[in-house]
Structure formats: C-alpha cells, structure tokens
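Reading through the structure tokens given below for one structure.
What you see is a predicted model; the values in this text were computed from it and never measured.
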Amino acid sequence: MNAPECTPPSSAREPEVVPPGDSEDCARPLDMVPKKLCGYLSKFGGKGPIKGWKCRWFFYDERKCHLYYSRTAQDANPLDSIDLSSAVFDCKANAEEEGTFEVKTPNRVITLKAATKQVMLYWLQQLQMKRWEFHNSPPALPGTSATGLSANGPILHLKLEQEEAGLEEFLCPVKTPTGFVGTAAALQPVPALPSALQNISLKHLGTEIQNTMHNIRGNKQAQAAGHRPLVEESSQSVELQGGEQPLISEPSTSGKEPEDPPKPASRSFLPSNPMQKPKRQSNTFPFFSDGLTRSRTAQEKVAALEQQVLMLTEELKSQKELVIILHKALEAAQQEKRASSAYLAAAEDKDRLELVRHKVRHIAELNQRVETVERDRERLVHEAGLLEQQVQALQQHVQLLMDKNQAKQQVICKLSQKLTEDLEQPDQPASAANGDFLRQQERMEHLKDDMEAYRTQNRFLNSEIHQVTKIWRKVAEKEKALLTKCAYLQARNCQVESKYLAGLRRLQEAAGAEAGDFAELLRQQVQEALQWEAGEASDSVELSPISEYDDYGFLTVPDYEVEDLKLLAKIQALEVHSHHLLALEAVERPLQERWAALTELVPSAELKQLLRAGVPREHRPRVWRWLVHRRIQHLHSPGCYQELLARSRACEHPAARQIELDLNRTFPTNKHFTCPTSSFPDKLRRVLLAFSWQNPTIGYCQGLNRLAAIALLVLEDEESAFWCLVAIVETILPAEYYSKTLTASQVDQRVLQDLLSEKLPRLTAHLGQHHIDLSLITFNWFLVVFADSLISDILLRVWDAFLYEGTKVVFRYALAIFKYNEEEILRLQDSLEIYQYLRFFTKTICNSRKLMSIAFSDMNPFPMKQLRQLRAVHRERLEAELRELDRLKAEYLERRASRGRAVPDSCFSEDEGEGDG
C-alpha cells in the first residue's frame with residue numbers, strides 16, 4: 001500500500017508559538033543562519049496490511065551522530081534513532097518513486113523518501129557532512145552551550161570540512177529547499193494521510209501512547225488557561241537554563257501548573273530542569289535562542305573572536321596535556337626511586353617481601369590495561385572490516401550502474417541510427433514518419449532523463465566512496481596507534497615481570513638455605529613464576545606475550561634441572577621479547593621493508609649492513625641459499641648429494657655408529673628433534689652420512705651435528721642443509737678445524753686470548769689474576785658457532801653475518817659477549833664464582849641490538865690482515881709444541897721398549913701368574 005508523500009503544503013498555517021521576531025530568518029541574513037538538519041520524510045516500514053510509507057519528523061543530534069525520528073515535531077519522545085557514524089548512503093536512480101534513498105547501517109537498511117529530488121540530494125549531502133564532521137570534530141569544550149557553538153562557527157566549520165573532504169569534486173552543493181527542512185518545516189502542519197492508523201508505529205506503540213497523552217494534556221491546559229501574548233512566550237524562551245534551546249510548544253499561560261507532572265523524557269534533547277512547565281516538553285525540535293536582529297559587521301567580529309577563543313583553547317589544552325605527561329613521567333621516576341630506596345632500606349625480609357607483593361599487584365594492573373587495549377583494538381578491527389565490506393558493495397554497485405549506462409548509450413545509438421534511416425526513406429508516408437519521429441523523440445527525452453538521473457547517482461556514489469575511504473583510513477590509523485600502544489604496554493609488562501623474577505632470585509640467594517615460612521614462601525613464588533599458565537591460551541585476548549616455543553621450535557624457557565638456570569632463562573625470554581616489542585616500529589618494520597624491496601642479491605656495502613642487522617624470518621631461507629651458493633659453486637655438481645646417499649646405503653661408514661649416538665643429543669630443547677613423529681632426525685642422519693663420504697679426511701666430528709641441525713631448521717631442505725655444512729667446514733672455517741688434533745681450533749683460542757688482551761685489558765688482567773682458562777668456555781663457541789650458547793633470535797643474526805663475512809664475525813661476537821658482561825665479571829673476586837658465572841652468562845644477554853653494536857662498532861678496528869698474522873704466528877708455535885710432544889712421546893716409547901725386554905717375575909700379578917693353572 002502506497003501512502004501519499006509526506007510533503008508540507010504550500011499554504012502554511014499561522015505559527016502558533018514563535019512570534020515573527022524570533023524567527024531565524026529575521027535574525028540574520030540567510031547565509032549566516034545556523035541551519036538545524038530536520039524535516040519531514042517518508043519512511044518505508046510496517047507489517048501486514050499497514051505496510052507502506054509513513055510520514056515521520058526527522059532531526060539530527062550532533063553530539064551522538066544519531067538521526068532521531070518521531071511521528072510529529074510536537075512529540076515529546078522519539079520513536080527510534082539511526083546511528084550515522086557507521087552508516088553509508090545510497091540513492092536509487094531507478095526507484096519507482098522520485099526522491100527515494102537508503103541509509104545502510106551494519107544492522108539494518110532504512111528506506112526513506114523526500115518530497116522532491118532536490119530535497120533528497122540536500123538530505124544526502126547534509127548527512128554526509130554531519131558524518132564527516134562527527135569523525136573529524138574535536139571534543140566539545142566544557143561549559144560551552146549548543147547555542148553558543150551554533151551562533152557563527154558551524155557554517156564556517158562545515159565549509160572547511162566540506163573542502164577537506166573534497167565532496168565538491170563530485171556534487172555541487174544543493175541549495176536549501178525552502179519550506180521542506182529546518183525550522184520552516186517544523187512550523188508546517190503535520191501532513192494528513194488517508195488513514196490515521198497507517199501512520200501509527202505499532203513497533204513503538206508505548207512511545208506513541210506516551211506522546212498522545214502528553215499532547216492531550218497540553219491541549220487541555222491550553223484550552224483551560226487561554227492564550228497569552230506571544231511576546232511573553234518569546235521572553236520565557238530566552239530564559240531557559242543550562243544552555244538548553246527553547247522548544248516549540250502550544251500557546252498557553254504560565255499561571256497554572258498541570259495536575260499531573262509529565263513523565264520525564266529519556267532523550268537528551270528534552271530540558272533538564274524539572275521545574276519547567278510541561279508545555280516546554282511538548283515537542284522535540286529545538287529552536288534557536290539567538291533570534292535577535294544583529295548587523296553583519298557585528299556577526300563577523302563575533303565569529304573572529306570565537307575563532308580566536310577556540311584556537312587559544314586548543315593551544316591551552318595541548319599545553320595542559322604536555323604538563324600532564326611530564327608530571328606523570330616525574331611521578332613514575334619518583335615512584336621507582338622510592339621503591340628502590342624502600343627495598344634497599346628494608347631491614348627485614350618481611351618488608352622486602354611486602355615490596356615484592358606490591359610489584360605483583362602492579363603487574364596485575366598492567367595486565368588489565370593490556371587486556372582493555374586489546375579489546376579496543378579488536379573492536380576497531382571489526383569496525384574497519386564492516387566499512388571495507390560496505391566500500392566493496394558500493395564499488396560493485398557503481399560498476400553495475402556504469403554497465404547499465406553503457407548499455408543504454410548503445411540503445412540510444414541504435415535508435416538514432418534507425419531514426420536516420422527512417423528519415424532517409426522518401427516513400428514512407430509523412431504522417432507515419434512524423435508519428436515515429438515524435439515517439440522516438442519522446443523516448444529520447446526519457447532516456448536523457450534516465451541518463452541524467454544515473455549521472456547524478458554516480459556522482460553521489462563516488463562522493464560516498466571517497467568519504468567512506470577517508471573514514472576507513474582514519475580508523476586504520478587509530479588501529480595502528482592502538483597496536484603501537486599495546487606493544488609498548490606488553491614490553492613494559494615483560495620488563496616489570498623480569499624485574500620481579502630477578503628480585504625473587506636475589507631474595508632466594510640472600511635467604512640461602514634458611515628454613516622457615518619465608519624461604520618456603522619464596523620457593524612457592526618461584527615455582528608459580530616458572531609455570532606456564534595453561535588457561536591463557538584459551539582466552540580471547542592473549543595476555544602472555546611469550547609463547548612456549550620460538551619460531552624455530554626451541555623452548556623459550558628450557559626445562560633445566562637447575563632451578564636457577566630455568567629462572568634465568570625465563571628472565572632472558574621476557575627481556576628479549578620486551579626489546580623486540582619496543583624496537584618493532586622503529587627498527588624491525590623498516591628493516592623488513594628494506595629486505596622486501598631488495599629483490600636481487602648482489603655483494604655490496606648495503607647488503608653487508610643489512611646482514612649484520614639480521615635477516616627477517618620470511619627472507620632468511622632465500623638469503624642463506626644465495627650465501628651458500630657463493631661459497632660452494634666451485635664444488636657443487638648436480639646429483640652429487642643423491643650419489644652420496646646411495647653410497648651410504650650401499651656401504652656403512654665407520655662413523656655411522658657415532659652419528660647415530662649423537663642424533664638423540666642434538667638440541668634436546670627443540671621440538672623438531674625431540675618429537676618421535678618429526679622428520680628432522682632422519683634428515684639430519686642423511687646429511688651427516690653424506691658429508692662423511694663427501695669429506696673422508698674428517699668423516700664425522702662431534703659438533704657437526706649442531707651445524708647441520710641449524711641449517712636444517714632454517715633451510716628445511718636437506719640437500720640445501722648439506723651444502724651449507726660443506727660451505728662452513730670446507731670454505732669458511734680454516735683447514736684442520738675438525739681434524740683429530742683440532743689444530744686450527746686451538747690456534748683460534750690463542751688468537752682470541754690475544755685479541756681479548758688488546759680490546760679488553762681490564763677483563764684480561766682480572767681473569768689472569770684468578771688464573772681463569774677461557775678456552776674451557778669459548779672452545780665450544782668456535783666449534784659449533786655459538787649453537788649451544790645463544791638463543792635462536794641472536795644466534796641466527798650471528799649466522800647471517802657469518803655466512804657472508806666468515807670467521808671474523810665469530811671473533812667479533814666472542815669479544816662482544818665478554819664486553820656485554822664485563823662489569824659483572826669484574827665484580828666477582830673468586831675463581832669458583834667466576835667459573836660458575838661464565839658457565840651460564842650467555843643466558844643474561846637479552847638485547848641483540850646492543851650486542852650487535854658492540855660487535856661491529858666498539859670492537860673496531862678489526863682488520864682481517866691482523867687476524868691472519870696472529871693465526872700464522874700461533875699456528876707456528878702450536879706446531880712446534882706438537883712436534884716437541886711427538887719427540888718426547890717417541891723417546892718415552894723407545895725407553896719403555898728397551899726396558900720391557902726383560903721383565904722380572906715379581907712384576908707379574910697373581911692373576912697373571914696363575915693364568916696357566
């Protein structure tokens with residue numbers, strides 16, 4: 001059922017409430033009047049027999065970006081509202097009735113109809129502007145009334161926002177249709193419908209009854225009290241309190257109060273003063289309280305002054321925010337200083353334990369803040385997804401309209417061609433030709449109208465897509481800012497938790513083996529800190545930023561038998577993750593972008609710097625294959641690896657038994673080598689057997705299994721891992737590095753000692769004073785290139801540079817590790833304590849960027865020529881020592897052989913003597 005359009009009649013009745021002096025058109029010129037977006041529209045809705053167009057009064061609330069609607073402008077309560085903040089708009093060029101458009105929200109689609117096409121375009125443009133203004137307007141200043149803000153500023157503000165949004169590129173601004181929108185429409189009588197029941201909303205029947213009873217009471221009061229002068233009514237409208245705008249009401253006297261007080265409205269557009277008369281709550285459309293006549297010059301001055309006030313207010317706000325930030329930073333520093341002083345000044349262990357508990361509560365508060373930020377981020381992601389879906393739907397709709405437009409243009413061309421052909425035929429009767437020509441001309445006019453309608457619709461949809469895209473970008477920027485903030489809070493959480501664990505460890509060391517409740521409580525706290533919370537994985541928000549395994553399958557916190565080592569490992573994991581989160585935006589993301597842009601790998605200084613900084617995980621397999629190929633291209637031959645595998649299957653190598661024993665000892669903290677169903681142990685076995693046949697001089701040496709395992713974890717392909725092992729052993733490391741005497745390995749230990757004396761003289765003197773032999777610690781570093789000493793995140797950065805630059809990188813990082821922990825070692829004054837600390841001090845390295853800076857900056861100059869000279873000198877000395885040992889061994893064997901020719905009977909043991917019996 002189609003109801004008549006909701007069109008205000010041309011002959012408007014005399015306004016009942018507002019006198020001519022209060023009309024907004026009399027207050028100032030038309031272009032300076034603050035226009036409120038409101039008016040009558042037809043809304044399609046209803047169910048069953050009363051389904052159809054219903055006339056509704058719509059008005060926009062700038063504070064909430066909601067479009068409210070009621071049955072009439074005099075209703076106290078709105079029927080419902082439309083949230084425009086996430087809505088998109090669409091106009092129907094092919095609609096059955098002119099002026100039809102849609103408002104699409106994530107939850108529903110509302111179909112509306114204006115009186116004319118001009119009114120429709122005006123509403124669509126205004127709704128677009130209001131939505132853009134809501135997404136870009138700063139928060140309202142405290143104490144500023146709605147009337148004051150709307151006096152001069154909004155027109156200029158909306159023009160600036162319209163220019164910023166670029167809407168004029170698509171549609172020219174539509175002039176305000178007189179009598180259809182704004183206060184003029186509010187003064188018009190409610191359009192009548194054939195059936196009063198048809199305009200009633202059954203969905204909001206309770207609100208309809210409240211509005212009807214409210215209007216009946218207002219009419220009875222007006223009839224009983226009589227009419228007052230309109231001037232008095234106007235004077236009362238100016239005296240409204242709290243910045244509320246006066247409302248349209250029925251004329252009545254103020255001398256009587258209603259018998260029953262009206263029910264307070266639930267919406268914010270009603271007056272907040274309960275002592276006002278009920279007639280003030282009899283409608284929903286706000287009038288303007290600044291209806292006095294002013295000159296244009298005064299208005300311009302007021303506008304300039306208000307603009308200056310706004311600018312100064314914004315500047316004052318920014319200065320206040322800066323002061324607040326500095327104050328918070330000062331408070332945080334003072335609080336940390338007080339906490340440290342309190343901890344050091346605590347006389348008893350109970351006081352220190354109370355400080356530790358305070359830190360635990362602080363950690364819980366940080367976790368709650370992280371959870372809140374994560375929820376906000378998920379909400380923004382959901383909203384961005386909805387906006388993206390809406391943009392895609394609009395793009396598809398635009399494409400469909402363009403296809404229709406093209407098809408209609410083809411039809412026009414065909415009809416024009418047919419018309420030309422018909423005109424060229426002279427034998428056709430003139431009357432028939434004239435009739436066809438008129439019909440074709442009429443059809444052409446209709447098609448032109450359709451083309452114009454589609455062109456207008458296309459321009460509007462382009463403007464809608466343009467604005468929605470800008471809003472989506474702003475939402476994406478907010479999401480990025482929230483992600484950065486979340487990463488910072490997670491990093492701070494990791495730092496606080498690591499400090500808490502370090503404090504527990506120090507308290508445990510201070511308590512020692514003391515018995516009592518305090519020691520038992522400390523042990524319980526340490527056990528709880530080391531346990532992974534199983535419930536965290538099932539939460540929607542991942543509170544723990546540390547996973548059980550890293551990207552390459554290593555346990556983040558290995559299950560050491562010694563509780564102290566396990567506690568250190570967890571502290572290291574927290575600190576490493578904290579540094580990673582803090583450097584994610586400033587360092588990691590730009591580094592990933594540089595690697596993504598590096599399509600072709602060519603030896604250069606830039607590539608050298610990138611490799612030292614570390615290769616991102618997604619690019620590391622490709623880069624390592626290129627680095628290995630540079631090393632072994634003179635050794636590589638197609639099918640070589642398969643031939644070696646066939647040879648190992650045909651004949652068992654002497655080292656096969658030792659390889660089998662070492663397989664189960666390879667990286668016991670990595671899930672790929674400990675899981676029974678994993679394929680990595682079989683791949684590792686084949687790689688090591690193939691290498692034992694490839695290099696019979698070495699065959700197999702303990703330590704090669706770890707080198708091959710690291711190559712397998714990164715490259716995954718066993719043949720690539722085999723050639724990586726060949727490149728390391730035969731081209732990067734010196735010869736005889738894995739021989740039976742390990743000659744080259746021993747030489748490098750002596751070279752390291754010389755470099756340590758040169759680069760770190762204080763540390764060398766301290767270690768020499770306590771007779772510390774560093775080769776007991778560092779020999780395995782060089783043999784397996786730190787595979788057993790550093791966590792995977794730092795280890796693989798070392799290997800990135802090692803595969804490109806060679807063994808010089810190993811020396812650089814070995815010296816950097818000692819430099820990283822130099823002060824801690826210098827504080828130790830007992831040789832046993834020093835050895836115990838050196839046994840696990842690589843577990844205290846958390847900042848990979850700091851370690852890299854020490855290795856490649858603080859250790860400079862580090863010429864390769866010096867390294868070769870030191871190796872040559874120490875190799876000559878070592879070979880001389882080995883020759884001397886061989887000479888002494890030969891002399892001993894010769895003496896023993898000469899003495900062993902006649903062995904006395906007394907030298908035999910009882911078992912040997914009774915052997916014959």
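R875 has a carboxylate O that lies under 4.0 Å from a charged side-chain N of E879, or vice versa, which qualifies the two as a salt bridge. Taking the charged nitrogens against the carboxylate oxygens, E660 and R657 have no contact shorter than 4.0 Å, which rules out a salt bridge. For D682 and R685, the salt-bridge test passes: some basic side-chain N is under 4.0 Å from an acidic carboxylate O. Classification of R706 and D788 as a salt-bridged pair holds, one side-chain N sitting under 4.0 Å from a carboxylate O. Of the charged side-chain nitrogens involved, none lies within less than 4.0 Å of a carboxylate oxygen, so that R883 and D886 do not count as a salt-bridged pair. One finds no salt bridge joining R877 and E881 here, because no Lys/Arg side-chain nitrogen approaches an Asp/Glu carboxylate oxygen to under 4.0 Å.
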Test log, rule side-chain contact (heavy atoms from CB on, under 4.5 Å), inputs K819 and K759
CA-CA 9 Å; K819 178 66 176 177; K759 304 292 184 181; over 6 Å; no
Determine, step by step, whether F802 and V810 satisfy the side-chain contact (heavy atoms from CB on, under 4.5 Å) criterion, reporting the C-alpha distance in whole Å, the side-chain angles of both residues, the deciding distance to 0.1 Å, and the verdict.
CA-CA 7 Å; F802 167 71; V810 183; 3.7 Å; yes
As a quick check of understanding, evaluate side-chain hydrogen bond (donor to acceptor under 3.5 Å, both in side chains) for Y820 and N847, giving each step before the final call.
CA-CA 10 Å; Y820 192 98; N847 194 340; 5.6 Å; no
Tell me, with the steps shown, if W723 and C640 meet side-chain contact (heavy atoms from CB on, under 4.5 Å).
CA-CA 10 Å; W723 288 113; C640 176; 4.0 Å; yes
Show the numbers, then the answer: is there a side-chain contact (heavy atoms from CB on, under 4.5 Å) between L591 and L610?
CA-CA 8 Å; L591 185 63; L610 286 175; 3.7 Å; yes
Salt bridge (Lys or Arg N to Asp or Glu O under 4.0 Å) assessment of R375 paired with E378:
CA-CA 5 Å; R375 284 198 295 266; E378 291 180 357; over 6 Å; no
Salt bridge (Lys or Arg N to Asp or Glu O under 4.0 Å) between D662 and R665, worked out:
CA-CA 5 Å; D662 286 349; R665 294 196 288 254; 2.4 Å; yes
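Residues Y738 and Y700 keep their aromatic ring centres 6.0 Å or farther apart. Between F856 and Y813, the distance separating the two ring centers is shorter than 6.0 angstrom.
For the side-chain hydrogen bond (donor to acceptor under 3.5 Å, both in side chains) test with Q866, the passing option among R871, K808, E758 is E758; the others fail.
Within 6.0 Å of atom CD in Q633, more than 12 heavy atoms from other residues, nucleotides or ligands are found, so the atom counts as buried in its surroundings. Residue H382 places its NE2 atom among 12 or fewer non-hydrogen atoms of other residues, nucleotides or ligands, all under 6.0 Å distant.
Taking the centre and axis of the six-membered ring of Y552, the NZ or CZ atom of R617 falls inside the cone set by 45° and 6.0 Å. For the pair R622 and W626, the NZ or CZ position fails the cation-pi test of under 6.0 Å to the six-membered ring centre and within 45 degrees of the ring normal.
The two residues L715 and W624 make their nearest non-hydrogen contact at CD2-CB, 3.7 Å. When all heavy atoms of V798 and V809 are compared, the pair lying nearest together is O-CG1, 3.9 Å. Considering all non-hydrogen atoms of both residues, Q746 and F779 come closest at N-CE1, 4.2 Å. Taking each heavy atom of L803 and L627 in turn, the nearest pair found is CB-CD1, 3.8 Å. Scanning all heavy atoms of the two residues, the minimum distance from L851 to I817 falls at CD1-N, 4.0 Å. Nearest heavy atoms, G806 versus I732: CA-CG2, 3.8 Å.
Interatomic distance, CD of Q749 versus CG of L878, reported as 11.5 Å (0.5 Å rounding). W595 contributes atom CH2, which lies 11.0 Å from atom CD of E618 (distance to the nearest 0.5 angstrom). How far CG of D754 is from NE2 of H874: 3.5 Å, rounded to the nearest 0.5 Å. If you take CG on L838 and CZ on F841, they are separated by 5.5 Å, rounding to the nearest 0.5 Å. If you take CG on L796 and CG on D800, they are separated by 6.5 Å, rounding to the nearest 0.5 Å. Expressed to the nearest 0.5 Å, how far CG of L752 lies from CZ of F782 amounts to 4.5 Å.
Within the 4.5 Å cutoff, side-chain heavy atoms of L767 are placed close to those of L763. Using a 4.5 Å heavy-atom threshold, the side chains of V628 and S720 count as separate. The shortest side-chain heavy-atom distance between I710 and V785 does not fall under the 4.5 Å cut-off. Side-chain contact between L755 and L870 is present, with heavy atoms from C-beta onward closer than 4.5 Å. The shortest side-chain heavy-atom distance between V623 and L611 falls under the 4.5 Å cut-off. In this structure, I728 and L733 have side chains that are in contact, with non-hydrogen atoms separated by less than 4.5 Å. A 4.5 Å side-chain heavy-atom check between L713 and F554 finds at least one atom pair inside the cut-off. Side-chain contact between P734 and T807 is present, with at least one heavy-atom pair separated by less than 4.5 Å.
Take N695 and apply the side chain to side chain contact (heavy atoms under 4.5 Å, CB included) test, not counting sequence neighbours, and it matches F691, T697, I698, E730.
Using modelled atom types, one side-chain atom of R620 and one backbone atom of V615 make a donor-acceptor pair closer than 3.5 Å. For the pair R849 (side chain) and A613 (backbone), a donor-acceptor distance under 3.5 Å is present. A donor-acceptor contact shorter than 3.5 Å is absent between the side chain of R812 and the backbone of M859. With S692 contributing its side chain and L689 its backbone, the two residues share a donor-acceptor pair below 3.5 Å. In this structure a side-chain-to-backbone donor-acceptor pair under 3.5 Å is present from S745 to Y737.
No side-chain N or O of S648 forms a donor-acceptor pair with one of W693 less than 3.5 Å apart.
Ring-plane geometry between W781 and F786 is classed as tilted, the angle between the planes lying from 30 to 60 degrees on a 0 to 90 degree scale.
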